[in-house]
**Q** 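Got a structure here, written out as structure tokens. Questions coming.
Note that these values count all heavy atoms, side chains included, but never hydrogens, waters or copies made by symmetry. Numbering of ligands and ligand atoms starts at 1, following listing order. Position 1 is the first residue of the sequence; numbering continues from there.
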Amino acid sequence: MTVSITGPVLILDSVRDDTMRLAALFVAPADTAPPPVETEDGTHHPEAILSCGDRAVWRARFDRPATSPSHYAWAGTRFDLAGAAAPDPRIAYVSCNGEEHGDLDRDPVERNVIWARLGEHHREAPFALLIHGGDQVYADEATDGHPASAGWPDAWPEDPESDTLEDLRVHLRQRFFDRYHALYTAEGFRWLTARVPSVMQWDDHDICDGWGSLPRSAARSSVGRLIFDVAREMALAFQHGTRDGDLPARFADPDGSHLGWQVDLPGLRLLAPDLRSQRTRREIMGREGWDMVEDAARDGFAGRTLFISSVPLLGPRLSLLELLMVIVPKMQKYEDDLRDQWQSRAHRSSWRRMLQLCRRMAAPESAQVTVVSGEIHLATRATMGLDRGKVLHQLVASGVSHPAPPVAWARTLGTLATLGESPLRGHPIRIHPLPGQSGRYTAQRNALILDHEDGAMRARWLLEESGPTPPLVL
Ligand SMILES: [Fe+2]
């Protein structure tokens, strides 16, 4: 009998002493362990880290050199790896791998076209790392089909029986598991993630649409808490290759009060705060989440900090957009997304605090900060002037498989962006077109490639219709 196995999907646990600690994930029957991972160091047997019915997520942890190319083997296939800490690493960034409705019914070739192109780029010159910047999974439909969650997030039972909640837990786990499993089986995703270690930061759809911006009564209800618990359990396994009590060293809080993490490479620090675990309508992060960023600013870093903010940190003035929502009813479906932004009036002080922290991080002579973001299903870039003539660049790449919104929406945003915004006095934010594009927002599916030339980091967007942009030197 042949057993169907999905994987390996590689996750980067941490980088330490020139070594990459990796986790290879598999989805396989719960009662049959997948074959082991083989390296020169030995044989690494997968262990089950999450079960759901008769299936499980299995994980094999192993080490590979971080500063030079290497390989591993699994089930008779050799997989080559570029070291994440090798000089001038090539990094790919993606976000929004799905859509809210009917994602699993899409034509897989059409759906995964950007994944296939990333594979072609990897064949030309290998990526050392793949950053997934949020909405790795659109779990919104997980709440369908169960009476206790069918009305979510508008209606939910006030005081459900424990049996009902237990039944709902089984339902949600199954739905989340199916969805991740389907995504991880998709050809382009599967090919690339077996060859390039991934690091992931979740956004709302990995939990449910608008999580963190929902009314307190919904988020704190027993159904709301259960949705979050299941989403978190699944994200720990599928996105981070782990479970509670076993968080890899890159996470700031081993107890997982938030899922913010940091990876230090030579001259490049990846800093990924968790903007969802502790989010409420009033606060973007809790104390622990802020502590991580405060610590990173205090510690300093010689080189570039790649600040990964699922939701764009630099954006246009939103009060006008919110007004537009009221005037143009067709635009109201985007309202939730906007209320979720750093620029929302409710988050003004948090926004200023985070921008000040980025400014502090970039203050030393040897330091630079670059922001990468997703979430908006458009590609764009922005800048904010820092002290001593430095520039904070923000690169937004969103919609690796989420369809782009109408071009008219991109134009509307572009027009509003001309008005500018200066949350820090004397440091105006400007939104710019991508290299080679005329509008400030590009309505095409896309991914971002970061590489180096003559020691300088540069960014290119991979646009579905226009192809790769000319490089932006950072
Ligand atoms: Fe998204």
**Q** Looking at side-chain heavy atoms only, is the closest gap between Arg61 and Asp13 below 4.5 Å?
**A**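 Heavy-atom side-chain distance check passes, below 4.5 Å.
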
**Q** When you draw lines from the Fe ion (ligand 1) to SG of Cys96 and to OH of Tyr138, what angle lies between them, to the nearest 10°?
**A**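 Value, to the nearest 10 degrees: 100°.
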
**Q** What N, O or S atom of Asp135 is found closest to the Fe ion (ligand 1)?
**A**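 Restricting Asp135 to its N, O and S atoms, the minimum distance to the Fe ion (ligand 1) goes to OD2.
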
**Q** Is any side-chain heavy atom of Trp58 closer than 4.5 Å to one of Leu50?
**A**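 Answer no - side chains too far apart.
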
**Q** Please say whether the positively charged group of Arg276, taken as NZ for Lys or CZ for Arg, lies over the ring of Trp202, i.e. under 6.0 angstrom from the six-membered ring centre and within 45 degrees of the axis.
**A**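 No, Arg276 and Trp202 do not form such a contact.
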
**Q** May I ask you to check if Arg279 and Trp211 form a cation-pi contact, with NZ or CZ under 6.0 angstrom from the six-membered ring centre and within 45° of the axis?
**A**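 Not satisfied by the 6.0 Å and 45° rule.
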
**Q** Below 2.8 Å, can you find an N, O or S atom of Asp204 next to the Fe ion (ligand 1)?
**A**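 No, since none of the N, O or S atoms of Asp204 sits under 2.8 Å from the Fe ion (ligand 1).
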
**Q** So, 2.8 Å as the limit: is an N/O/S atom of His377 located closer than that to the Fe ion (ligand 1)?
**A**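 Yes.
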
